[in-house]
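Within every chain, numbering begins at 1; the chains are lettered A, B, ... in the order of the sequence lines, protein sequences first and strands thereafter. Note that the structure is a prediction, hence the values are computed from the model and not measured.
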Amino acid sequence: MPNIYQPNLMTIKKVINETPDTKTFHLVFQDEELQENFEFETGQFGEYSCFGAGESTFCIASSPTRKGHIECCFRKTGKVTNALFELSEGDTIGFRGPFGNTFPIEEWEGKNVIFVGGGIALPPLRSVIWNLLDLRDKYKDISIVYGARSVADLVYKQEIAEWEARDDVNMVKTVDPGGETDDWDGYVGFVPHILENDFKPDPENTVVVVCGPPIMIKFTFEALERLGFKQDQLITTLENRMKCGLGKCGRCNIGSTYVCIDGPVFKAAEIDLLPPEY
Amino acid sequence: MRTATLQKNDLDRVIDLLSQADYRVIAPQNQPRLDGPDSIDVAVFKEIQSGDSHNIGEGLSTTGIKPFLFPKDEPLFAYENRGKKVVLTEVSLDFPKTVILGVRPCDVASVSSLDAVFSDKNAGFNDELFTKRLEKTTFVSYSCTEPDVSCFCTSVGLAPDSDKGSDLHMTELPDGTLHVEVKTKAGEKIAAVIDALLSGDGDAVARQQAGVAAAEKITRLRDSAPILPWLQDLGNFGDEMWQRLGEKCLGCGACTFECPTCHCFDIVDENSGNKGYRVKFWDSCQFDHFTLHASGHNTRNSQFERYRNRFNCKFKIYEDVFGEKGCVGCGRCIRGCPVNLDITEYMAEVAHKAAIPNAMSADPDFE
Ligand code: SF4
Ligand code: SF4
Ligand code: SF4
Ligand code: FES
């Protein structure tokens, strides 16, 4: 048995250019038995590596209900993501995972679920969105509020169109002021503002899942609390810097909480008990 | 378990016998700190051969035994890029049978703090690079009789003569003989190898007295346990003391590299052409890039926040997560800090803030 730091090899089956600096990979394990038996749950993440450059942490962006391959989506921001960005179909990458906890989707059954995402933070939501849509009968209204800096920065454009076209999904999209194009048919404004002033969700029997940069999470939670949401209705994922994913390398902690093993999914009430280091 | 007497000058013979019994023997040895005539010798744990001189029982080693369980850098596997394919080669997990001789009580106690992180007790993930080394390692510990001014093992539930984590423990008595206590099965094996050098069943009373006499020489904070509730109160995370005491920290990381319990590491590819190794190597929460996100956001953006993390790691996070302290009071972070940042000063400050009576040191410097 290889040690816990040695990844499994995966082949890139497909590359999707999401934005000028963001890509999605479709990945399958080279080991057939692992490919057959691999399981994960929505919300979990992995360590993806380009050999020679190193490892980087992203969530698994596909839904566990969709077998056959897993997906990751990343923006090029550093050495590893730049190297991954250069890879093409047929190339090999390394994968360790799945790691971390999961979205408590059973707890949400019979409820309205609102997904709120900003920028590149749509991938963790995409996994859980498709998971719920594939189990559509178990949930009441499903809404997606997604915003990015500009139209060019929106990821999953094709899927956004797909969600808009469905009559069992309420799709709300927005770009920051100045980021709109002439033919933009969504809102213009920051996500928390659109949420509070335009979308105005009813807290009754509803949970909200928020993903985005820490500052966006903070403002979105505040806006939702002003709308009457209680902390136990609000859920997010945190993205502290990680290396090992195993609770050992010591860098992802927020006080005594290790995002890689205790998270990445947290309720607002849990976050309130953490020191402000996220 | 067995107790016995060993003559101190038979330690050379102990090394001979253990080497003959196919143990790799690690012991503290003097090594010049610098090149050139002005260098002073410092004690360092190194592999020792029969006939080499050692300084077991003399002074404190600058670096501990951590590198023999968790090396400063080590390959995790080798990779080779072959076009679209990659070939990975595992590293060997077959480690040599080792005995670490003359390890101080604080250092041998620190192994449990490392094991808490690297073994499968932590989230079920077993880092065999550590645990398989540990399985192959036997610890022969040696009580301190002359604690250094920076030592504070007695503040963290240990003592200059404690045997926590030890397989075979030795205490030097005033008459120059060593009182030997076998603690575990692995220690029994060592005792069997050196049986010819052991006599009688030792002097338990003199051994006890030696421990008490050594503990009395420690002048720092008495007991750190009462500071935990204050640290666990989230309202104190923003206390002014963190910035005030932490401002002088340079972020050099010396405290973490010399610390026997610090376990943080980075994982990096060392590449040459189309192949290389993925390597795990020591990192430090004192470095500014440690928590830097790809987005530029840094969760611990200033140096005092990084030292606050270090202090909390030792006295709160370890308690919360593993139910034990992350500090064994060895004092290395105090001795090694270029700006004299003193972890016991933080402990005393917290004790003061929490109004804990009698927690302060008798040493006026720490009142
Ligand atoms: S924190 Fe300092 S005193 Fe405590 S174990 Fe580490 S180096 Fe030793
Ligand atoms: S003090 Fe810092 S470097 Fe040492 S174990 Fe704790 S987090 Fe890691
Ligand atoms: S406390 Fe001292 S040794 Fe540690 S990082 Fe700061 S300056 Fe360096
Ligand atoms: S990523 Fe290494 S401890 Fe969490």
Side-chain angles (χ1 to χ4, degrees), chain A residues 1-9 11-12 30 47 49-56 75-81 87-94 99 120 213-215 239-241 243-258 260-262 272-278, chain B residues 76-77 79-88 90-91 93 117-118 122-130 132 232 234 237-238 262-269 271 274-276 278 280 283 285 289-300 305 308-309 312-313 316-321:
Chain A
M1 271 280 283
N3 66 61
I4 53 172
Y5 304 104
Q6 183 167 323
N8 288 110
L9 299 178
T11 303
I12 304 173
Q30 292 177 359
E47 296 293 333
S49 50
C50 175
F51 296 98
E55 278 185 318
S56 203
R75 171 180 287 173
K76 56 174 187 169
T77 49
K79 186 179 171 199
V80 179
T81 44
L87 299 181
S88 44
E89 283 165 22
D91 282 342
T92 298
I93 69 153
F99 295 135
I120 179 73
I215 190 78
E239 299 188 336
N240 269 27
R241 175 128 187 226
K243 282 279 176 178
C244 69
L246 305 160
K248 309 215 186 277
C249 78
R251 78 193 57 234
C252 70
N253 71 305
I254 307 170
S256 302
T257 298
Y258 283 76
C260 67
I261 50 180
D262 302 320
D272 252 26
L273 300 175
L274 300 178
E277 289 197 335
Y278 49 87
Chain B
L76 300 168
F77 57 87
Y79 61 82
E80 188 180 340
N81 288 308
R82 293 187 190 157
K84 291 193 166 294
K85 293 282 165 226
V86 174
V87 178
L88 303 184
E90 292 174 30
V91 291
L93 293 172
V117 172
F118 288 121
N122 179 10
F125 297 114
N126 182 1
D127 181 345
E128 293 175 311
L129 294 159
F130 176 88
K132 290 231 189 279
Q232 284 171 331
L234 191 56
F237 194 79
C262 273
H263 58 267
C264 289
F265 60 87
D266 199 353
I267 301 174
V268 164
D269 286 4
N271 194 59
N274 68 330
K275 52 188 172 185
R278 183 156 297 161
K280 168 187 177 196
D283 202 350
C285 69
H289 65 251
F290 191 68
T291 49
L292 183 66
H293 291 202
S295 64
H297 176 63
N298 196 340
T299 49
R300 293 195 275 268
E305 295 173 288
R308 176 175 60 194
N309 181 69
N312 276 288
C313 175
K316 171 182 181 291
I317 297 175
Y318 252 85
E319 295 274 9
D320 287 348
V321 179

Tell me, side chain or backbone of [X] under 4.5 Å from chain B's heavy atoms, or both, or neither?
X	answer
A:Asp262	neither
A:Asn8	neither
A:Ile93	neither
A:Cys252	neither
A:Leu9	side chain
A:Leu273	backbone
A:Glu239	backbone
A:Pro7	both

So which part of [X] gets closer than 4.5 Å to some heavy atom of chain A, the side chain, the backbone, both or neither?
X	answer
B:His263	both
B:Thr291	both
B:Val86	both
B:Lys132	neither
B:Tyr79	side chain

Problem set entry | Closest heavy-atom pair and its distance - A:Ile254, A:Asn240 |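 Between these two residues, the closest heavy atoms are CG1-ND2, 3.5 Å.
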Problem set entry | Over all atoms of both residues, closest heavy-atom pair of A:Thr77 and A:Thr81 |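 Heavy-atom minimum between the residues: N-OG1, 2.9 Å.
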For this session: Using atom types as modelled and distance alone, determine if a side-chain donor or acceptor of A:Asn3 lies under 3.5 Å from a backbone N or O of B:Leu76.
Result: yes
Exercise. Under 3.5 Å, side chain of A:Thr11 to main-chain N/O of A:Gly90, donor-acceptor pair present?
Worked result: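 Here the side-chain-to-backbone pair does not exist.
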Specify which of [options] makes the most heavy-atom pairs with chain A at under 4.5 Å.
options	result
B:Arg300, B:Lys316, B:Arg278, B:Glu80	B:Arg278
B:Glu128, B:Lys275, B:His297, B:Gln232	B:His297
B:Ile317, B:Asn271, B:Asn298	B:Ile317
B:Asp283, B:Asn274, B:Asn312	B:Asp283

Exercise. Taking the inter-plane angle between the rings of A:Phe51 and B:Phe77 on a 0 to 90° scale, is it parallel (under 30°), tilted (30 to 60°) or perpendicular (over 60°)?
Worked result: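 Because their plane-to-plane angle is over 60°, the rings of A:Phe51 and B:Phe77 count as perpendicular.
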Exercise. Salt bridge (Lys or Arg N to Asp or Glu O under 4.0 Å) with B:Glu305: which residues, sequence neighbours excluded?
Worked result: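 Only B:Arg308 meet the salt bridge (Lys or Arg N to Asp or Glu O under 4.0 Å) criterion with B:Glu305.
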Problem set entry | Contacts of type salt bridge (Lys or Arg N to Asp or Glu O under 4.0 Å), residue A:Glu89, not counting sequence neighbours |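 Salt bridge (Lys or Arg N to Asp or Glu O under 4.0 Å) check on A:Glu89 returns nothing, list empty.
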For this session: Given side-chain hydrogen bond (donor to acceptor under 3.5 Å, both in side chains), test B:Asp127 with B:Asn122 step by step and report yes or no.
Result: CA-CA 10 Å; B:Asp127 181 345; B:Asn122 179 10; over 6 Å; no
Problem set entry | Chi angles and distances behind the side-chain contact (heavy atoms from CB on, under 4.5 Å) call for A:Ser56, A:Lys79 | CA-CA 9 Å; A:Ser56 203; A:Lys79 186 179 171 199; over 6 Å; no
